[in-house]
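Structure, as structure tokens:
Sequence lines set the chain letters: A, B, ... in the order given, protein chains first and strands last, and positions in each chain run from 1.
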Number of protein chains: 2
Amino acid sequence: MAGALLERKTGVALWRQIADLIRSDIATGATAREGRLPPEMELARRYGVNRHTVRSAIAALEQEGVLRSEQGRGTFVRRRARLSYPIAKRTRFSAGIGGQAGSTRTRLLKSGREDASDTVAENLDIRPGSEVVRLETVSEADGVPVSRATSWFDAARFPDIDTAFGQHASITKALAACGVADYVRKSTVIEARHASAEDIELLRLSAGAIVLVTRASNADADGRPIQYAESRFAADRVELKIEND
Amino acid sequence: MAGALLERKTGVALWRQIADLIRSDIATGATAREGRLPPEMELARRYGVNRHTVRSAIAALEQEGVLRSEQGRGTFVRRRARLSYPIAKRTRFSAGIGGQAGSTRTRLLKSGREDASDTVAENLDIRPGSEVVRLETVSEADGVPVSRATSWFDAARFPDIDTAFGQHASITKALAACGVADYVRKSTVIEARHASAEDIELLRLSAGAIVLVTRASNADADGRPIQYAESRFAADRVELKIEND
DNA sequence: CTAACTTGTCTATTGTTATAGACAACTAAA
DNA sequence: TTTAGTTGTCTATAACAATAGACAAGTTAG
């Protein structure tokens with residue numbers, strides 16, 4: 001690639017920039033997705049830094065579970081490539097990621113009721129301050145957290161969505177149990193941010209990691225909004241794929 | 001929001017984390033989008049750091065053009081909120097951003113011919129190694145760079161796309177001049193990364209900034225692929241909005 | 001004009017990051 | 001067994017990041 005070197009005195013430590021580069025190179029396939037990393041001395045030359053700085057980067061990625069170092073042998077890639085999360089009219093987590101991972105599941109972290117904020121009310125097409133049910137979930141593929149989401153439902157229409165989710169561990173099935181046989185994605189807004197402390201904890205990220213944030217609303221067959229959700233995806237584990245058909 | 005405080009000894013300096021938080025709060029409207037920031041002492045209390053650390057963050061955002069400090073008066077927000085870039089069947093830069101900015105334009109940085117990589121060949125539905133035309137462009141809204149893109153076209157079908165772009169300064173018009181009256185987006189893949197050195201230069205970002213990367217292919221009315229493009233959006237200036245209809 | 005409040009500048013100290021060099025410990029191949 | 005190549009550990013030093021306190025310089029309201 002074109003001279004993509006490191007930036008100094010920018011508030012981001014060199015070892016972290018290098019760790020991010022290595023992680024990204026593994027994910028995109030620029031570096032061997034499996035097998036061995038170049039020796040520390042060669043990486044130091046390549047990035048124009050001291051060997052100890054490279055070692056700090058490698059240590060961070062070891063902590064993260066991306067690399068594994070063996071004395072005398074070398075440093076090896078551990079984790080597989082990025083998952084691809086499809087966003088289309090019929091967007092469902094397990095169906096979308098299913099083919100790419102051995103197992104998927106969505107856990108309920110917390111549920112409760114609250115008054116709808118302006119944003120939530122607008123997306124659910126109800127009056128601000130109306131009661132809504134909020135679900136906080138984390139989705140995993142092969143035991144690795146991939147995304148976390150906060151979903152809101154109109155409490156007047158789906159008073160039991162939380163217990164239904166508790167039984168089925170799936171938004172799609174919980175909605176089915178509440179009488180919504182089918183639903184479609186109305187719109188999705190995507191941004192990218194640095195991970196918050198909560199993201200880091202729940203998605204098991206390293207500090208400085210990036211999350212893809214989506215804000216989406218789903219509607220039933222009649223076009224009535226039924227769910228509004230804000231999701232946060234670990235950007236080093238997943239990419240979003242939009243099918244325009 | 002819930003205790004989203006700062007992370008220490010993570011390779012990302014506190015002043016940079018604070019700068020990113022303030023920038024993001026301005027963009028999302030959590031802090032006044034215009035008007036005055038709270039005094040440095042209050043921000044220091046809020047983030048649990050020394051006033052000098054807050055000052056470093058503010059200095060970085062001043063350098064970036066987001067804030068403006070005036071001795072004795074306070075610190076003020078300069079730049080407007082995030083643009084929303086719609087991704088749909090008919091995705092075009094100027095039409096999409098047009099309503100939100102005073103002026104938009106796309107500049108050609110470089111063009112040339114090369115042999116198609118596997119990725120490019122697959123997306124253009126040609127044989128790997130076939131000749132393709134590559135265009136490197138930067139798009140601006142109100143003079144601020146919003147995205148940069150690399151586009152590939154089948155050289156056999158669009159031998160003059162580079163000169164056509166030079167005349168019209170628009171992909172849509174250049175394609176029209178080459179006989180493609182209409183085209184639609186086939187698919188879009190989105191990821192997020194830290195900005196590369198090139199991103200920082202071309203999009204005028206600060207180090208540690210985030211870019212949204214999209215890889216998209218467009219096809220003509222017959223469904224034949226005509227363009228494959230990799231774009232990089234400044235994540236603090238733009239969000240991507242997907243319309244599923 | 002005065003008082004309260006704000007940003008700007010200076011000094012000093014401590015902890016983190018980066019560099020440099022040396023050598024130990026381990027692995028694999030000659 | 002030897003040798004070359006690799007990761008692991010240690011010491012030392014310099015640059016940057018963060019804290020602490022004090023005061024100057026500017027603005028605004030009373």
Without decimals, in angstroms, what is the distance between B:R68 CZ and C:dT6 C1'?
15 Å

Is there a side-chain contact between A:W15 and A:R55 in this structure, where contact means two heavy atoms from C-beta onward sitting under 4.5 Å apart?
no

Between P of C:dT6 and CG of B:L43, the distance in whole Å
11 Å

For A:I126 and A:V132, run side-chain contact (heavy atoms from CB on, under 4.5 Å): C-alpha distance rounded to whole Å, both residues' side-chain angles, the deciding distance at 0.1 Å, then the answer.
CA-CA 10 Å; A:I126 58 180; A:V132 289; 3.7 Å; yes

For D:dG8, take OP1 and OP2 only and decide whether either is under 4.0 Å from a side-chain N or O of A:R55.
yes

How close or far is atom C1' of C:dT9 from atom CD of B:E40, stated in whole angstroms?
12 Å

Describe, as an angle rounded to 10 degrees, how the axis at the first end of the helix from C:dC1-D:dG30 to C:dA30-D:dT1 is tilted relative to the axis at the last end, five pairs per end.
30°

May I have the list of side-chain donor-acceptor pairs in residues 107-116 of chain B shorter than 3.5 Å, sequence neighbours left out?
| residue | atom | partner | partner atom | Å |
| --- | --- | --- | --- | --- |
| B:R113 | NH2 | B:P159 | O | 2.6 |
| B:E114 | OE1 | B:R134 | NH1 | 3.4 |
| B:E114 | OE2 | B:W152 | NE1 | 2.7 |

Donor-acceptor contact below 3.5 Å, side chain A:R36 vs main chain A:R73:
yes

What protein N or O atoms touch nucleotides 20-22 of chain C N or O atoms at under 3.5 angstrom, if any, and at what distances?
| residue | atom | partner | partner atom | Å |
| --- | --- | --- | --- | --- |
| C:dA20 | N6 | A:H52 | NE2 | 3.2 |
| C:dG21 | O6 | A:H52 | NE2 | 2.4 |

Any N/O pairs under 3.5 Å between the protein and nucleotides 26-30 of chain D? List them or say none.
| residue | atom | partner | partner atom | Å |
| --- | --- | --- | --- | --- |
| D:dG26 | N2 | B:G72 | O | 3.4 |
| D:dT28 | OP1 | B:R73 | NE | 2.7 |

Nearest to the side chain of A:T75 - D:dT6, D:dT7, D:dA17?
D:dT7

So, is B:T53 close to the D:dT19 phosphate, meaning a side-chain N or O under 4.0 Å from OP1 or OP2?
yes

Is A:P145 close to A:R237 at the side-chain level, that is, under 4.5 Å between some pair of heavy atoms?
yes

Looking at A:E62 and A:S69, would you say the former's side chain and the latter's main chain have a donor-acceptor pair under 3.5 Å?
yes

Going by ring pair (Phe, Tyr, Trp, His ring centres under 6.0 Å), name the residues that satisfy it together with B:F165, two or more places apart in sequence or in a different chain.
none

Taking side chain to side chain donor-acceptor pair (under 3.5 Å) as the test, write out the residues that go with B:S151, two or more places apart.
B:Q227

Nucleotide nearest B:S69 (side chain, heavy atoms from C-beta), chosen from C:dT7, C:dA18, D:dA18:
C:dT7

Could you pull out the closest heavy-atom pair between A:R232 and A:D199, with the gap in Å?
NE-OD1, 2.7 Å

Donor-acceptor under 3.5 Å (B:R46 side chain, B:P38 main chain):
no

Quickly work out the B:M41 CE to C:dG8 C1' distance and round it to whole Å.
15 Å

Given atom CZ of A:R16 and atom P of C:dT16, what is their separation to the nearest angstrom?
16 Å

To the nearest angstrom, the CG-P distance between A:L14 and D:dC16 comes to 11 Å

So, the side chain of B:R148 versus the backbone of B:E198: is there a donor-acceptor pair under 3.5 Å, distance only?
no

